[in-house]
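Okay, so here's the structure we're looking at.
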Amino acid sequence: MKASYYSFSVVSILLLSTLISLAASDQLGDFLQCLPNSTHSPSWPISQAIYTANNASFDSTLRSYINNRRFLTSSTPKPLAIVAALHESHVQATVRCAKSSGLQMRIRSGGHDYEGLSYVSSVPFVILDMFNLRSIEIDMSTETAWVQAGATLGEIYYNIANTSNVHAFPAGVCPTVGAGGHFSGGGYGTLMRKYGLSVDNIVDAQIVDVSGNILDRKAMGEDLFWAIRGGGGASFGVILSWKINLVRVPETVTVFRVPRTLEQGATHIVYRWQQVATKLDSNLFMRAMPQVVNGSVEGQKTIEIAFYALFLGRSDALLDMINKSFPELGLKPEDCKEMRWIESTVFWADFPNGTPIEVLLNRPQGAQIFYKNKSDFVKDVIPKEALKRIWKLMIKAEPIWMQWNAYGGRMSEISGTATPFPHRDGYLFKIQYNIGWDEGGNETTVRNINLIRKVHDAMTPYVTRDPREAFLNYRDLDIGSNPSNETNFEKAVIYGSKYFKHNFLRLVDVKTKFDPQNFFRNEQSIPPRPHH
Ligand SMILES: Cc1cc2nc3c(=O)[nH]c(=O)nc-3n(C[C@H](O)[C@H](O)[C@H](O)COP(=O)(O)OP(=O)(O)OC[C@H]3O[C@@H](n4cnc5c(N)ncnc54)[C@H](O)[C@@H]3O)c2cc1C
Ligand SMILES: *[C@@H]1O[C@H](CO)[C@@H](O)[C@H](O)[C@H]1NC(C)=O
Ligand SMILES: *[C@@H]1O[C@H](CO)[C@@H](O)[C@H](O)[C@H]1NC(C)=O
Ligand SMILES: *[C@@H]1O[C@H](CO)[C@@H](O)[C@H](O)[C@H]1NC(C)=O
Ligand SMILES: *[C@@H]1O[C@H](CO)[C@@H](O)[C@H](O)[C@H]1NC(C)=O
Ligand SMILES: *[C@@H]1O[C@H](CO)[C@@H](O)[C@H](O)[C@H]1NC(C)=O
Ligand SMILES: *[C@@H]1O[C@H](CO)[C@@H](O)[C@H](O)[C@H]1NC(C)=O
Ligand SMILES: *[C@@H]1O[C@H](CO)[C@@H](O)[C@H](O)[C@H]1NC(C)=O
Ligand SMILES: *[C@@H]1O[C@H](CO)[C@@H](O)[C@H](O)[C@H]1NC(C)=O
């Protein structure tokens, strides 16, 4: 008994290791054979969408939609194949064939995931790339548009403005972010206090489910439609397109950028900003950006806080409002610039004054820097003494910088259960911590990641707790994760409750109903309910 058991296990170990090394290439072979068999659209041959390591442009295709250089190193696992869908049928085939060949599939639209989850996995995998599917169809008679997942925010903004001077869409400030990931993760930007998040203005969607079927809102039902508006699309299916409600903006809006150093009273100003920014007219969005800069004395560092604003109105009304409610800022008429809303998106994206709006049509340029970002939510005013401690820490942890985004307005009116995004009423602001670098050795990487973790740790007393909340679009594997190849429910509860609070269990129910086998997964996906 013992002897045969022993020989059985030796044989099976040998067999297993051979099988594992062969498995990936067999799976790829199956996948590549399956694809043409699963598409029946003669005018869209799928061969033109498939890239494997044998194709000369495999590398450039993979790279052009990687935003973070941290995941563009020689040790980053590479996909066995990329399908850059040219037609909806290619998306359906990729889902069916990845599933039948047992390969993991990662879905990529704009490639801006902070942790690279749309294009990296530690098990054999393929990428379903959506960048070719990027049509934008605007219907002004209903003030709506259908936008495909591969469209960028810049393209959406540009096309809206090319059709109307008084319409806009509430979404993020970075023009190269993709609609596929951004909207399914919530999507916030400068119109948040007036109109809420992107997901608050989405009225329909098309999704490819785990069986490869295309479902619209009516066919998928309200539960799944709820889940993909903030719960992350990648746990539930492939978003093909969104139907968005355009919102109204005035022909002229006003922006400002006012920097103040500690020596100019920045601590007091941002202390007051915490008290007023959420209560002001919802036509005004104000962001405070603390960062380390050189002080007036050679070799000495200080903190500068840049106050950025978008006001949906003219500068005289803005000056009046700030003078009355936030005089500490000392806003002057010459700080304010009037422009069209579309020009304000170029300003917010940090392009130099006067950059033509066509810059919004630039596609992602590949990864420029290495970075790590983290998030927090603040409900209580941070006292001045604490602010001073934070500045000291930031100066030690340079080049850390932060973005503080004021809440209130429309965000306080929408229920925390209306969408999976739970951080609504009762919040003062959202923090984003940022650190970027452009030299990729491990030492620098380890040092910088430790710095941002340290600052995040030090902020513990001032931010939400039980759970310490985080924003899905600011993906952060530090808050809990699973390995690429398994989804442990208990681990998922940890990150799930930080991103979604009480909405996590409803997301689990939707997942259990629509993808019980957990085909659509990544390190922070929603798990199906475990069976007992
Ligand atoms: C420079 C920069 C600025 C940013 N500014 C903002 C901002 O102002 N506001 C804000 O809210 N966020 C912002 N973000 C975060 C951004 O919204 C998220 O990273 C978002 O997920 C990116 O979407 P993507 O399609 O570009 O990314 P991807 O990396 O392609 O996808 C992100 C996630 O969504 C999944 N996914 C992508 N497409 C689909 C699809 N079609 N169907 C199903 N799942 C899909 C991916 O699998 C992955 O899990 C910014 C990010 C960067 C890098
Ligand atoms: C694909 O179709 C061809 C011919 O129709 C068939 O020979 C082949 O076995 C099929 N492959 C798979 C993986 O289904
Ligand atoms: C990749 O190479 C294969 C085999 O030569 C070819 O059939 C396919 O069309 C190529 N893919 C693209 C996108 O050109
Ligand atoms: C803007 O609109 C004009 C006129 O309708 C059209 O010719 C042009 O192609 C549009 N530009 C873009 C980038 O869509
Ligand atoms: C800050 O000061 C250092 C020297 O102390 C200098 O090298 C650097 O260029 C300065 N940065 C800016 C933005 O002026
Ligand atoms: C603010 O208002 C006061 C009186 O209401 C006025 O005296 C002052 O000049 C205003 N300041 C600015 C910067 O507009
Ligand atoms: C995340 O941090 C990097 C590095 O500082 C920065 O370039 C990027 O813009 C940050 N993301 C956002 C949304 O600000
Ligand atoms: C960084 O460390 C990882 C593992 O810790 C290693 O695989 C990789 O080669 C290292 N990269 C560099 C640039 O040293
Ligand atoms: C996942 O991978 C790890 C390490 O490669 C392995 O130990 C584990 O058994 C795998 N889990 C599953 C469910 O395959």
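Numbering of ligands and ligand atoms starts at 1, following listing order. Given the structure is predicted, the values throughout are model-derived calculations rather than measurements.
When only interatomic distances are considered, the shortest N/O to N/O separation between H182 and ligand 1 falls below 3.5 Å. Considering backbone and side-chain N/O of R475, one or more are found under 3.5 Å from N/O of ligand 1. Residue A149 has no nitrogen or oxygen atom sitting less than 3.5 Å from a nitrogen or oxygen atom of ligand 1, judged on distance alone.
The ring pair (Phe, Tyr, Trp, His ring centres under 6.0 Å) test with W404 is passed by exactly one of F307, Y308, F429: F429. Each of Y157, F183, Y195, W242 was compared with F169 under the ring pair (Phe, Tyr, Trp, His ring centres under 6.0 Å) criterion, and only F183 meets it.
Side-chain contact, Y188 with N473: no donor N or O sits under 3.5 Å from an acceptor N or O.
Atoms of ligand 1 lying under 4.0 Å from at least one heavy atom of A234, given by number and element, are 35 (C), 43 (C), 44 (N), 47 (O), 49 (O). Numbered from 1 in the order shown, with element, the atoms of ligand 1 that lie under 4.0 Å from a heavy atom of S118 read 28 (P), 29 (O), 30 (O), 31 (O), 46 (C), 47 (O), 48 (C). Atoms of ligand 1 lying under 4.0 Å from any heavy atom of R108, numbered from 1 in the order shown and given with element: 30 (O).
Residue contacts with ligand 1 for F236 are absent, since no atom lies close enough (heavy atoms, distance under 4.0 Å). If you look at Y371 next to ligand 1, the close heavy atoms, those under 4.0 Å, all belong to the side chain. Under 4.0 Å from ligand 1, heavy atoms of N473 appear from its side chain as well as its backbone. At a heavy-atom cutoff of 4.0 Å, ligand 1 is contacted by no atom of L240, backbone or side chain.
What sits closest to atom 3 (C) of ligand 1 on the protein, heavy atoms only, is C174 CB, 3.1 Å.
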**OP:** Could you walk me through whether Y474 and Y433 pass the ring-ring contact (aromatic ring centres under 6.0 Å, His included) test, one step at a time?
**Re:** CA-CA 10 Å; Y474 291 165; Y433 307 84; over 10 Å; no

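The stretch residues 94-193 participates, sequence neighbours left out, in these disulfide bond (SG atoms under 2.5 Å apart) pairs: C34-C97.
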May I have the N/O to N/O pairs between ligand 4 and the protein that fall below 3.5 Å, each with atom names and distance to one decimal?
from, atom 1, to, atom 2, distance (Å)
ligand 4, 2 (O), N162, OD1, 3.2
ligand 4, 2 (O), N162, ND2, 2.4
ligand 4, 11 (N), N162, ND2, 2.8

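Between D200 and R424 there is a salt bridge, since at least one side-chain N of the basic residue sits less than 4.0 Å from a carboxylate O of the acidic one. Ion pairing between a basic and an acidic side chain is recognised when a charged N comes within 4.0 Å of a carboxylate O; D223 and K513 show no such pairing.
Using a distance-only test at 3.5 Å, with no hydrogens or angles considered, no donor-acceptor pair links the side chain of T176 to the main chain of R363.
F377 and Y427 have perpendicular rings, their planes meeting at more than 60° on a 0 to 90° scale where under 30° would count as parallel.
Note that R287 lies outside the cation-pi zone of F285, set by a 6.0 Å cut-off to the ring centre and a 45° limit from the axis.
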